[in-house]
**Student:** 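Just dropping this structure here.
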There are 2 protein chains.
Amino acid sequence: MENDRELLKGSTDSLLLALLTEQAMYGYQLVKELERRSQGYFQFREGTLYPALHRLEKDGLIAGKWQPSPVGKDRRYYAITDTGRTFLHARLAQWTGFSKAVSRVLVPSGA
Amino acid sequence: MENDRELLKGSTDSLLLALLTEQAMYGYQLVKELERRSQGYFQFREGTLYPALHRLEKDGLIAGKWQPSPVGKDRRYYAITDTGRTFLHARLAQWTGFSKAVSRVLVPSGA
DNA sequence: ATACCACATCTCGCCTAGCTAGGTAAGTAA
DNA sequence: TTACTTACCTAGCTAGGCGAGATGTGGTAT
């Protein structure tokens, strides 16, 4: 996750939506959870995360709601929508297809 | 390979370099070979391919050489350099790490 | 009070890189 | 001539990650 800037493009949405299928979360939480699940690999920057969330909300894939926090600033919790779930399923299939195609070229074991 | 525009970012170089480890090839040939190996998945556009090759050459990862063609316009054959091989190895490791991290989040089977 | 840190969100501007849509040009075939 | 395949090139558009900075709350330490 140092130089994967370009690799990450196209997967950000899927990663965020995947986490939100289980429960609504707020931005900061998503970053921490993403880091935990990927065993430290993903460490999203604010400049990546928030614009992405705004994009997803604008496109109707997630819905945000402000909630007070007991420990700091108000949080904006995002929940995935039905459209978001459909979108995610398509993306997962796309990711599978893509990574298989890459593997076929990079590791031509079946040659 | 319709909407994978963003997914492709970060993998283009690896795909091209991987093909060139076996033999020198020219642009048009790389496109066809990539399509064949990925079983039709990758169909690089000229606007993706040529700028990528020029980038790789400028960075010293590949070296180009004009050769006459028996059937059409002259071809520019590219060979991978030692720097290119080293770079590719690093990229392959990066790709493996990245795709595993994505899988861990998208398919949390070991949860 | 002042300083500092963790939490929490936002945005401007930069940069990379894929693609559209055009162009050039050689050879072959109808 | 027209048209298709091979073969290369590029300007301009666009998407999206990220650095850096701003804003604000609340707790703890000095």
Side-chain angles (χ1 to χ4, degrees), chain A residues 1-17 24-35 41-59 61-62 64-78 91 94 98 101-102, chain B residues 1-17 24-35 41-59 61-62 64-78 91 94 98 101-102:
Chain A
M1 186 67 190
E2 316 86 52
N3 272 40
D4 302 9
R5 205 166 172 146
E6 298 302 328
L7 271 182
L8 189 57
K9 293 189 179 182
S11 302
T12 308
D13 295 354
S14 304
L15 293 170
L16 295 176
L17 290 173
M25 291 193 223
Y26 56 96
Y28 201 82
Q29 185 184 8
L30 281 163
V31 174
K32 300 297 175 192
E33 189 59 21
L34 213 42
E35 188 173 352
Y41 192 91
F42 292 120
Q43 290 178 290
F44 274 34
R45 305 285 166 182
E46 293 97 320
T48 300
L49 178 76
Y50 294 108
L53 289 174
H54 299 161
R55 225 160 41 224
L56 292 172
E57 184 168 29
K58 188 172 67 62
D59 293 344
L61 306 180
I62 60 177
K65 191 166 57 172
W66 284 104
Q67 303 262 247
S69 161
V71 294
K73 260 187 88 173
D74 283 1
R75 298 162 171 171
R76 189 158 176 82
Y77 279 84
Y78 290 99
R91 282 288 211 206
Q94 192 187 21
F98 177 77
V102 170
Chain B
M1 187 70 191
E2 318 84 51
N3 274 38
D4 302 8
R5 201 168 175 147
E6 299 302 327
L7 270 183
L8 189 57
K9 294 190 176 182
S11 302
T12 309
D13 295 354
S14 303
L15 293 170
L16 295 176
L17 289 173
M25 291 193 222
Y26 56 97
Y28 201 82
Q29 185 185 7
L30 280 163
V31 174
K32 300 297 176 194
E33 188 59 20
L34 213 41
E35 188 173 353
Y41 192 91
F42 292 119
Q43 289 178 292
F44 274 32
R45 305 284 164 181
E46 292 99 320
T48 299
L49 178 76
Y50 294 109
L53 289 174
H54 298 160
R55 223 160 42 223
L56 292 172
E57 185 168 31
K58 188 171 66 64
D59 293 344
L61 306 180
I62 59 176
K65 191 168 55 172
W66 285 104
Q67 303 261 246
S69 161
V71 294
K73 260 188 89 175
D74 284 1
R75 300 163 169 170
R76 189 156 176 85
Y77 278 85
Y78 290 99
R91 282 289 211 205
Q94 192 186 22
F98 177 77
V102 170

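Below, chains carry the letters A, B, ... as their sequence lines are ordered, and counting in each starts from 1. As the structure is a prediction and not an experimental result, all values here were calculated from the model. Computed from heavy atoms alone, side chains included, the values below leave out hydrogens, waters and symmetry copies.
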**Student:** Any side-chain heavy atom of B:Tyr41 sitting closer than 4.5 Å to one from A:Phe98?
**Tutor:**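 Result yes, sub-4.5 Å side-chain heavy-atom pair found.
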**Student:** May I have the distance from B:Leu56 (atom CG) to C:dA17 (atom C1'), rounded to whole angstrom?
**Tutor:**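 So the two atoms are 12 Å apart, to the nearest Å.
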**Student:** Any idea which of D:dG16, C:dT24, D:dG19 is nearest the A:Arg45 side chain?
**Tutor:**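 Given the options D:dG16, C:dT24, D:dG19, the side chain of A:Arg45 is closest to D:dG19.
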**Student:** Toward the 5' end of DNA chain D, which comes first, B:Val71 or A:Pro51, by nearest nucleotide?
**Tutor:**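 Going by which nucleotide is closer to the 5' end, it is B:Val71.
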**Student:** Could you give the CD-to-P distance, from B:Glu46 to D:dG12, as a whole number of Å?
**Tutor:**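 Distance check: B:Glu46 CD to D:dG12 P gives 19 Å.
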**Student:** Does A:Arg55 put a side-chain nitrogen or oxygen below 4.0 Å from OP1 or OP2 of D:dG16?
**Tutor:**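 Answer is yes, contact under 4.0 Å.
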**Student:** Answer with base, sugar-phosphate or nothing: what part of the nucleic acid does B:Gln29 contact at a heavy-atom distance below 4.0 Å?
**Tutor:**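 Contact class for B:Gln29: none.
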**Student:** As an exercise, state the distance from CD1 of A:Ile62 to CE of A:Met25, rounded to the nearest 0.5 Å.
**Tutor:**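 Output value for this atom pair is 12.0 Å.
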**Student:** Base, sugar-phosphate, or nothing: which does B:Pro70 touch, judged by heavy atoms less than 4.0 Å apart?
**Tutor:**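 Counting heavy atoms under 4.0 Å across all strands, no contact is made by B:Pro70.
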**Student:** Whether B:His54 contacts D:dT10 is assessed here as follows: a side-chain N or O lying under 4.0 Å from the phosphate OP1 or OP2. Is that the case?
**Tutor:**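 So the side chain of B:His54 is within the cut-off, an N or O lying under 4.0 Å from OP1 or OP2 of D:dT10.
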**Student:** Roughly, in whole Å, what's the span from CD in A:Glu35 to C1' in C:dA6?
**Tutor:**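 The answer, rounded to whole Å, is 15 Å.
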**Student:** Should A:Tyr26 be listed as having a side-chain N or O under 4.0 Å from OP1 or OP2 of C:dA8?
**Tutor:**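 For C:dA8, OP1 or OP2 has a side-chain N or O of A:Tyr26 closer than 4.0 Å.
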**Student:** By nearest atom, which of the nucleotides C:dC7, C:dT16, C:dC10 is closest to the A:Arg75 side chain?
**Tutor:**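 Selected nucleotide (nearest to the side chain): C:dC7.
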**Student:** Looking only at side-chain atoms of B:Glu6, point me to the closest of C:dA8, D:dG16, C:dC19.
**Tutor:**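 Nearest to the side-chain atoms of B:Glu6, counting from C-beta on, is D:dG16.
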**Student:** Whether the A:Asp74 and A:Gln67 side chains hold a donor-acceptor pair (N or O, under 3.5 Å, no angle test) is what I'd like checked.
**Tutor:**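 No pair is found: no donor N or O on one side chain lies under 3.5 Å from an acceptor on the other.
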**Student:** Once you round it to whole Å, what is the distance between P of D:dG16 and CG of A:Leu7?
**Tutor:**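 After rounding, the reported distance stands at 16 Å.
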**Student:** Strictly distance-based, threshold 3.5 Å: is any side-chain N or O of A:Glu57 a donor or acceptor partner for the main-chain N or O of A:His54?
**Tutor:**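 Such a contact is absent between A:Glu57 side chain and A:His54 backbone.
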**Student:** Could you check which of D:dC18, D:dG24, C:dC7 has an atom nearest any side-chain atom of A:Arg5?
**Tutor:**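 Nearest listed nucleotide: D:dC18.
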**Student:** If you find the nucleotide of DNA chain C closest to A:Lys32 and the one closest to B:Asp13, which residue's nucleotide is nearer the 5' end?
**Tutor:**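 It is A:Lys32, whose closest nucleotide lies nearer the 5' terminus.
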**Student:** Could you state the atom-to-atom distance from NZ of B:Lys73 to P of C:dT28 in whole Å?
**Tutor:**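 Those two atoms, NZ and P, are 16 Å apart.
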**Student:** Between C:dA25 atom P and B:Asp74 atom CG, what is the distance in whole Å?
**Tutor:**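 Spelled out: CG on B:Asp74 to P on C:dA25 is 13 Å.
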**Student:** How many angstroms lie between NZ in B:Lys9 and OG in A:Ser11, if you round to the nearest 0.5 Å?
**Tutor:**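 Spacing of NZ (B:Lys9) from OG (A:Ser11) equals 12.5 Å.
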**Student:** Less than 4.0 angstrom between a side-chain N/O of A:Thr12 and OP1 or OP2 of D:dG16, yes or no?
**Tutor:**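 Checking A:Thr12 against D:dG16: no side-chain N or O falls below 4.0 Å of OP1 or OP2.
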**Student:** Could you state the atom-to-atom distance from CZ of B:Phe42 to C1' of C:dG18 in whole Å?
**Tutor:**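 For the pair B:Phe42 CZ and C:dG18 C1', the rounded distance is 13 Å.
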**Student:** Without decimals, in angstroms, what is the distance between B:Lys65 NZ and D:dC8 P?
**Tutor:**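 Interatomic distance, NZ of B:Lys65 to P of D:dC8: 15 Å.
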**Student:** Would you mind reporting whether A:Phe42 and A:Leu8 have side-chain heavy atoms less than 4.5 Å apart?
**Tutor:**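 Heavy-atom side-chain distance check passes, below 4.5 Å.
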**Student:** OP1 or OP2 of D:dC8 sitting under 4.0 Å from any side-chain N/O of B:Tyr50?
**Tutor:**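 So the side-chain polar atoms of B:Tyr50 do come within 4.0 Å of the phosphate oxygens OP1 or OP2 of D:dC8, strictly under.
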